[in-house]
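Only one structure is covered here, and it is reproduced in the block below.
Numbers restart at 1 for each chain; the letters A, B, ... are given by sequence-line order, proteins then strands.
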Amino acid sequence: MTLLPPDADTVPDPWQAEPAADPLLAGLNERQLAAVQSRAEALLIVAGAGSGKTSVLTRRIARLLRDRELWPSQILAITFTNKAAAEMRERVGHLIGHEAAQGMWISTFHSACVRILRREAQQFGMTQAFTIYDSADSRALIKRIVKELQADTLGLTVSAVAGKISRLKNELIDADAFARQYNQNDPTEVMFLEIFRRYTAELTRANALDFDDLIGQTVYLFRAFPQVAALYQRRFRHVLVDEYQDTNHAQYALIRELTRGVRPEHVPADTRIETDATGAIPPAKLTVVGDSDQSIYAFRGADIRNIVEFERDFPGAEVILLEQNYRSTQTILDAANAVIANNFDRIAKNLFTAVGAGDKITGFTGYSQHDEAQFVADEITTLHDGGMPYNQMAVFYRTNAQTRALEEILIRSAIPYRVLGGTKFYERAEIKDVMAYLVAIANPADALAVRRILNTPKRGIGPATETALAMHADELGGTLRDALSDAAALKLGPKVTGAMLELARILDEASATIETALVPDIVTAILEKTKYLELLRASRDPQDEARAENVEELVAVTREFQKNNPEGRLVDFLTEVALVAAADDLDDSSGTVSLMTLHTAKGLEYDAVFITGVEENLLPHQMSASEPGGPAEERRLFYVGITRARKKLHLSLAMTRSTFGDTQVAAPSRYLQEIPAELIDWRDSPGMGMRGGSGQRQLGSSKPSFSYGTSLPPGKPKTEWANRVTNTVRDNGDLTLEVGDRIRHDDFGEGRVTGVTQNGAKSIAEVQFDSAGRKRLLIKISPIVKL
DNA sequence: GAATCTGGTATTTTT
DNA sequence: TACCAGATTC
């Protein structure tokens, strides 16, 4: 490791003499300053949580541009999410002016690769309009293949196959490479190889790439076509990668390819880039930022070695450690440090702050997940009453399934919230249907998309006809679309034949317009011609009304897209949709509490954070126990969650948790014991005092002894504070309450109304319950009766 | 070929 | 609990 590259001293730097005079260096600490100014060929910034790494990264870029060391187009910055990319672009623009920042590539690995691949598609025999298969698409395809080969008899499930293919691709092992190393004596492996081969062939035939291919195919492109690689190696003179600890092998390989020098034969005579004595162009500079303690994507192939072995991979690399935290209180950092210290194979790192101790962490143990959720809702209300805006609070959980109880209670408590990620809009069946139409229009070779819409809406083309079509496509040596246009040759009934020809005509007509037509026009035309929306409206299934609304929402999305991208065409829209991530649609301006998984929380920060379900088998998750390095990764996940909090951290758990349908006793997470007891202020459920459970109280007070299993009485106590929330949809109609009214609540018992906010169906009552404390309730749907 | 019913099975995290 | 696949019936 060199401390400072020699040329830092020889290049005159007008700003270096008086750093304070440079606004881009103002307010930085010594380490941050070094990171912003470093001129190393390769720089690793080890940035602890909250250490201002985004600030460092944006200032580093801004400085390169402002001082004319590089043109914007020579910079490639890779972020983990599109949202992070947008934020970085915004911040750089803010520092040096938005025009000066035009032309940079700031995007995710996947977006950058799609951009390159669309441009170079013909090099590897695909068309520019290739489809991007998301995981659900991949699974659908694998499912069909598994079925055809009856691979389930060998114990090969769809998810197992999908997982294995993904893992192999992340290691840059394709079907052929796998064929060279697999165990030929194992029938399961033989079968797997066959599935892998067919899957690959089907993708190629469909002119489609799956998520993992986007990276792998780009690496392949660069390795197979040096002159193409040279194009990008010449162009990007500085590559920056954020969240480097979460890169997998394929992404690492991509970075390696991009930061290779260009051989003289690939350097054009008129190049304006400096060449060395041999006429070659030196490698691009590389800056990576990461924190091995925040590596939480090993399950997706992230390889922590990429960061640990950075100095070996890039000789002469400079390493700068950022440890001062500007986000959290010392109490929160003490807890985080204490937890992460239990991961033994890490480089010691201790976050510190000048902020001061701050509030203690609030701990809470509820009877049930509903009880826990009520605690979260009550705390949120208290904090909000104290002046903290809703959008400065976030609730984290390990699994998406945990949102249900939280949502129920938040709705009842009239707390505005939004769920990031989870069952996404684009995963809904009706949206996938319409998207399949768009995909089929953009990429006629995509058989998966055509199959999906073949009989949607119902037009009498069943499985038998579908098989006949597929066979006919093989005979023709063409695509499913070709077979559809030639449906008459199948000699089926006039009704079916007519339906197929009609569909073919609709698709062909739309396909003819994609180069010029606006996206909203294409969608509305399709909905019109297929009567998709019309049929949903006419349906007597009550859910279809909501589906119709969703489809309309999609049309609105296309309008919004077109507004933001006047030049955007169908393919661009499909790309954008395929690559949106959970955290991307985060809208900070909305005054709502954010709910998300711990994974989604990475990179974000809030004044108040609630980490829920801190229980064994949930955090750490049951499934992680069997995986090597699982518990350590779960600990990092907990660490990531803790370090998101600026001022106030809440850790909560439930003694029982219902999954599947039955309720199980839950034990507190092992990670709780790792936090020094004096940092946590344990609070009891209001219901606990009523049961006279001094044992419980003691347990909750400081040093949990973790023996709920024995202390929990068999059979739930029927107290007023029942540990359940009725899940029937209650509609109180136009029930009106006034201050002073007595009411009874199914869960909280009796209480007196102390305040009412009149707002039609959204009227909120503030109630002082006799034993359960003060609550805010949405009158219309709360399980209450007036007494 | 479509609609309805039933029983079995599964939930970790995501670009 | 909730969804899916397969069987049964129209």
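- Neither OP1 nor OP2 of B:dT15 sits under 4.0 Å from any side-chain N or O of A:Lys602.
- Taking the ring pair (Phe, Tyr, Trp, His ring centres under 6.0 Å) definition, one finds that A:Phe236 meets it with A:Trp105, sequence neighbours left out.
- Between the side chain of A:His621 and the base of B:dT12, no donor-acceptor pair of N or O atoms lies under 3.5 Å.
- Among residues two or more places apart in sequence or in another chain, the ring pair (Phe, Tyr, Trp, His ring centres under 6.0 Å) test is passed with A:Phe573 by A:Phe561.
- Taking the side chain to side chain contact (heavy atoms under 4.5 Å, CB included) definition, one finds that A:Asp134 meets it with A:Ala136, A:Asp137, A:Phe211, A:Lys432, sequence neighbours left out.
- In this structure, A:Asn170 atom CG and B:dT15 atom P are separated by 14 Å, rounded to whole Å.
- Residue A:Glu634 contributes atom CD, which lies 8 Å from atom C1' of B:dT13 at whole-angstrom precision.
- Aromatic stacking of A:Tyr297 on B:dT14: not satisfied for centres closer than 5.5 Å together with planes under 30 degrees.
- Of the residues in residues 448-460 of chain A, those lying under 4.0 Å from DNA chain B by heavy-atom distance are A:Asn455, A:Lys458, A:Gly460.
- Out of B:dT12, B:dT13, B:dG1, the shortest distance to the side chain of A:Thr465 is found at B:dG1.
- OP1 or OP2 of B:dT14 sits under 4.0 Å from a side-chain N or O of A:Thr597.
- Annotation: of the two residues near DNA chain B, A:Leu637 and A:Ile461, the 5′-most nearest-nucleotide partner is A:Ile461.
- By the criterion of a centre-to-centre distance under 5.5 Å and near-parallel planes under 30°, the ring of A:Phe299 forms no stack with the base of B:dT14.
- Distance NE2 (A:His370) to P (C:dT1): 11 Å, rounded to an integer number of Å.
- Nearest nucleotide to the A:Thr399 side chain, out of B:dT15, C:dG6, B:dT13: B:dT13.
- With B:dT12, B:dT15, B:dT14 as the candidates, the nucleotide lying closest to the side chain of A:Thr600 is B:dT14.
- Of all heavy-atom pairs spanning A:Asp242 and A:Thr79, the tightest one is CB-CA, 4.3 Å.
- Listed nucleotides B:dG1, B:dT13, B:dT15 differ in distance to A:Ala464; the shortest reach to its side chain belongs to B:dG1.
- Spacing between atom CD1 of A:Ile296 and atom P of B:dT15 amounts to 11 Å, rounded to whole angstrom units.
- With B:dT13, C:dA2, B:dT15 as the choices, the nucleotide that has an atom nearest any side-chain atom of A:Arg404 turns out to be C:dA2.
- With sequence neighbours excluded, the residues that form a side chain to side chain contact (heavy atoms under 4.5 Å, CB included) with A:Glu674 are A:Val339, A:Asn342, A:Arg635, A:Tyr671.
- Annotation: ring pair (Phe, Tyr, Trp, His ring centres under 6.0 Å) contacts of A:Phe196 (sequence neighbours excluded): A:Phe192.
- Remark: the backbone N or O of A:Asn400 is not paired with any side-chain donor or acceptor of A:Thr597 at under 3.5 angstrom.
- Distance, A:Tyr133 OH to B:dT15 P: 21 Å, rounded to whole Å.
- Summarising the geometry, the separation between CD1 on A:Ile78 and P on B:dT15 is reported as 16 Å, rounded to the nearest angstrom.
- Distance A:Asp134 CG to B:dT15 P: 11 Å, rounded to the nearest Å.
- A:Glu633 has its CD atom 12 Å from the P atom of B:dT14, to the nearest Å.
- Although no hydrogens or angles enter the test, the distance criterion places no donor-acceptor pair under 3.5 Å between the side chain of A:Glu372 and the main chain of A:Thr612.
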